Each structure stands twice: as structure tokens, then as C-alpha cells.
**Q** 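Starting off with a structure, shown below.
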Amino acid sequence: MLDIRQIREEPERCQQGLKARGGDAWELITEVLECDEKRRSGETEKQVLQQQRNLLSKEIGKLRSQGENSAELENKVRGIGEQIKALGESTETADARQRELLLQIPNLPHENCPVGDDETANPEIRTWGEKPAFDDFEAAEHLTLGANLGLFDFELGAKISSSGFVVYTGAGARLQRALIQFLLDLHTREHGYEEVNPPVVVNRDCMFGTGQLPKFEDDMYGIEDNAHFLIPTAEVPVTNLYRDTIQKMDDFPIKTTAATHCFRREAGAAGRENRGLIRMHQFDKVELVNVVHPNQSLAQLEILTNEAEKVLQTLGLHYRIIELCTGDVGFSSTKTYDIEVWAPGQNEYLEVSSCSSFGDYQARRMKLRFKDEDGKNHFCHTLNGSGTALPRLYVALLETCQQADGSIRLPEALHSYFGAEEIR
RNA sequence: GGAGAGGUGGCAGAGUGGUCGAAUGCAGUAGUCUUGAAAACUACCGUGCCGCAAGGUACCGUGGGUUCGAAUCCCACCCUCUCCGCCA
């Protein structure tokens, strides 16, 4: 949520930021300001009346305790009560509308977020490693490799669920488990994360807190009349662990990781570009969540991105980092780096991680605060990044590590986790 | 799923219609004392909103209601605990 004070004080700047995203959210600013004006004047008026009522009611109490008649005063206060009620209703309407609007307005892109209309304007920040050369044979794609090695089965997934679900089988299931274990160990042992294992069913408050609701309800699997949702990412439960809390500054940065299933409807996403494991309704992901002091967040985003990169470096997978431009950053994000791993069989880069700083946008939504040296409360900054998504990592791994005979030579870091050096 | 009990400030725990934003204890912060620490003593010590400020106002699980006035009475919902049932 944007700060209503900022909207009040620099509305043009807010509108500019929103315009840079594209879309028409900037048009809402005017109405927000109208509501704000209505709300505040109504509230002030109401408070004056409440003060009168409180004073007179005390008076009545005094009179009664002395056994005196208070009927006249009571009548007067009754009238005030009615006015308060009427005022309360109109300010409540303005307040509700203001909140509704604020929840629909995305975050402002960070001032150093590159300007652009869409993903074609995303600059490449850096690359690591090189595309592996396949001199003696042509790189197969993971679907072929997996089918031959019996690593996963899409038909079985569709049979027991529906299209967009997969069953990992045998060594394929084992590899999945090994990867998750490897990722969690990396982040907890080397990057100082605390591991949690949260519910994958969460309530609506969580979805509002991180910004999935109210705009993206249709993207998620809802249950019980959408009172609860299957999480689209562990960002939701993990960040919301800190919802409505006041943190100690000494604890910054708070770094929490979780491996969870993630569920997304991905309506209309079927097609050649999303063949195989690349876009699933259910997938695993290891998520990294940071809660930090506001002046830490920009630097922390670099650290967080490096932590996610470490995954690919350790596995020896070539990748590039791009930064999302103003027209492409996510709803709640203020600055985002995407990490794209090279998948030789696909002959393209796949997004395996998206590392974002949300500024105080999520924190304000979920009332996540910290106490400063003077004992005053401020909103924290939140960040998160994938560390990393499993299926695409899996794809890049198979396709990069394939050998001429169709077997997979695993990176050394995985040997102990997987229990073998090769899959054949 | 059934029966019962209960949800008050960081924690513990009073308060059952007015002077209660809320006793008290613990924890915490600052100070006095001390070579230092401890102890003792003193003071401070919840959150939001409106306001330049003074101050005002709201919040006792959540949402409604009764009342001149609600932490306190009524209704609904949520959650926790205990017992029973079922069960990985």
C-alpha cells in the first residue's frame, strides 16, 4: 500500500511513478485524495462530538451517583449520539472506499528502476559462466531425457489430477528431493537463513498482506468459497509470519527460508513455450524472505540476489541477470532482478528466480513495523527472492549435464544429496 | 465431530455498566547508590487515527446490538485449552 501521506503531499510524483508502470492505476489517485479529504474532515467533526458525549456522560454518572435527576442531560446526549452515528457512517464509507482504492494501487517503481514499457526493455545486468558447448551431439530437451530415464510422467499427473501436473518418478523424484535438500542447506548454512515449514493453505489476510489480493484472486486456487487459498509462493506464508508485529532493530536483517509447493492456475498459459516442466500448476520452490531496516533494503536486494545466484554457481549452470523495467515490475515490487538460467535443450534462458525489494509496500499492508532508537514505530522493508524455483532448475540441470548417451552427469555438489554421481 | 472452559498491554494477571487505556507483578528503558556488578530505590514503559502543537479520539479476539455511557450486558463468528470420538 502506498503511504496516504505521500499521496497527499506529492500526488504528481505518485502519478508519475504509476504511469511509468503503464496501466491506469494513476487515475485512482484523484479519488483517493477526495476520500482522504472527506474522511479526515468527517473524523475531526466526529471526534469533537465524541468528546462532548464523553464529558456529558460522565456528568450523568456523577449526577446519578448523587441521586440527582439527569433526564435532561440524557436527552441531549442521545441527540449527540445520533449525530455521531450519522457522521460515523459517512466517514466509514469514505474510509472503506479509500482503503479499497489503495489496495488496488501498485507500488511505485524505485527511482533507479530502468524505465521501459515492457519486458523487451529489461536491461541485462550481468552474466555468469558460458553456454555449454555440445560438440559431439545435439542437446536434447528435458522431456526427451526425462522420458528415456524415467524421471517424470505427465500422463500420470494428468490422470490423477489434470494437465499441468506431473508425477516425478524413481530417480527423478529422488533428484527433486536432493535439490530441495541442497538448496535449504545452502541457504541455512552459508547464508544465515532460518528455515520454516509453513502451511500451504492460508487465509485472505495473508493474500492482502503480500499483495495477491484483491487484484489477482483468479490466479490462485481458492477453497471454502475463497476464504482460504493455496499459496502461489512461499513468499505469502513466510512474509505473513511477521504480519502485525513490531520488530526489534537488533534482529535485522531477518532472513527466513522455506521450501514449499506452490500452486498457480496459470489460465491460458498452455502452449509450445511452456512445454514440459516449464510452467506447472503445482511446483516446488525454495523461497528467501528478508525483513530489513528501510535504509538496508537496496543493499540487501543485491545480497539476496547473490544468494540466489550462488545456487546456480554451485551447480555450474550458466545464467544471466536482467532487471525488470518500470513497465514490467510486479504489482508490489519497487525493484526486481530476474535470474534466468540457460537451458541448452530449450535453447533459451528460463526464469528461475525473481528477487524483489518491496520497500514498505507490503509492510504497510500488513502492519509490519520496527521500533527505532527513539522508540518510534516505522514500517520495515521486505524483500524476497526464489532460491530457486525447482522445475526450471531441474530442466536446466538435466539439459546442461546431459551426456551423449542420454545419461546425466550430476554436479559434484549434488553427489552426496542424490547418492550417486550419474543418472542413467 | 461432540461437551465444557476461556480469549485484557511483551508475559503473567485484576477488573463484571460510569471516575478504566485499564490495578498489580515480572520483563524492559533511564537514573540514584556502587570501583564495577547485583540488590534496593526513583521515573518511564501498548497501538492506530486527527492535529503545526497543545491536545483529542478510538482500540480489552473479530463483527454487530442494547445503553446517555460497554473491557464489563446480548447475538454471531474466529481462535485457544481440557475431556470424549475419529485419525496420518
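Atoms considered below: every heavy atom in the structure, side chains included; atoms not considered: hydrogens, waters and symmetry mates. Given the structure is predicted, the values throughout are model-derived calculations rather than measurements. In what follows, chains are A, B, ... by sequence order, proteins preceding strands, each numbered from 1.
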**Q** Please work out if A/I246 contacts a base, only the sugar-phosphate, or nothing of the nucleic acid, heavy-atom cut-off 4.0 Å.
**A** sugar-phosphate
**Q** Using only side-chain N and O atoms of A/R5, determine if any of them is under 4.0 Å from OP1 or OP2 of B/C50.
**A** yes
**Q** Check this one for me: any side-chain N or O of A/R40 less than 4.0 Å away from OP1 or OP2 of B/G51?
**A** yes
**Q** When you measure from the side chain of A/E43, which nucleotide among B/C68, B/U47, B/C50 comes out closest?
**A** B/C50
**Q** In whole Å, measure the gap between the P atoms of B/C26 and B/C41 for me.
**A** 9 Å
**Q** Using only side-chain N and O atoms of A/N54, determine if any of them is under 4.0 Å from OP1 or OP2 of B/U57.
**A** yes
**Q** Mind checking A/R64 for me? I need base, sugar-phosphate or nothing, with any heavy atom below 4.0 Å counting as a touch.
**A** base
**Q** Between A/K371 and B/U47, is there a contact of a side-chain N or O with OP1 or OP2 at under 4.0 Å?
**A** yes
**Q** Is the shortest side-chain heavy-atom distance between A/Q50 and A/I84 below 4.5 Å?
**A** yes
**Q** For the residue pair A/Y394 and A/Y168, is the inter-centroid distance of their aromatic rings smaller than 6.0 Å?
**A** yes
**Q** Taking OP1 and OP2 of B/G46, is either one under 4.0 Å from a side-chain nitrogen or oxygen of A/N377?
**A** no
**Q** From the set B/G56, B/G46, B/G69, return the single nucleotide nearest to any side-chain atom of A/S57.
**A** B/G69
**Q** Checking all strands, does A/L73 fall into the base, sugar-phosphate, or nothing category for heavy-atom contacts under 4.0 angstrom?
**A** nothing
**Q** So, under a plain 3.5 Å distance rule, would you say the side chain of A/Q47 forms a donor-acceptor pair with the base of B/G56?
**A** yes
**Q** Of the candidate nucleotides B/C50, B/A58, B/U47, which contains the atom at the shortest distance from the side chain of A/R8?
**A** B/C50
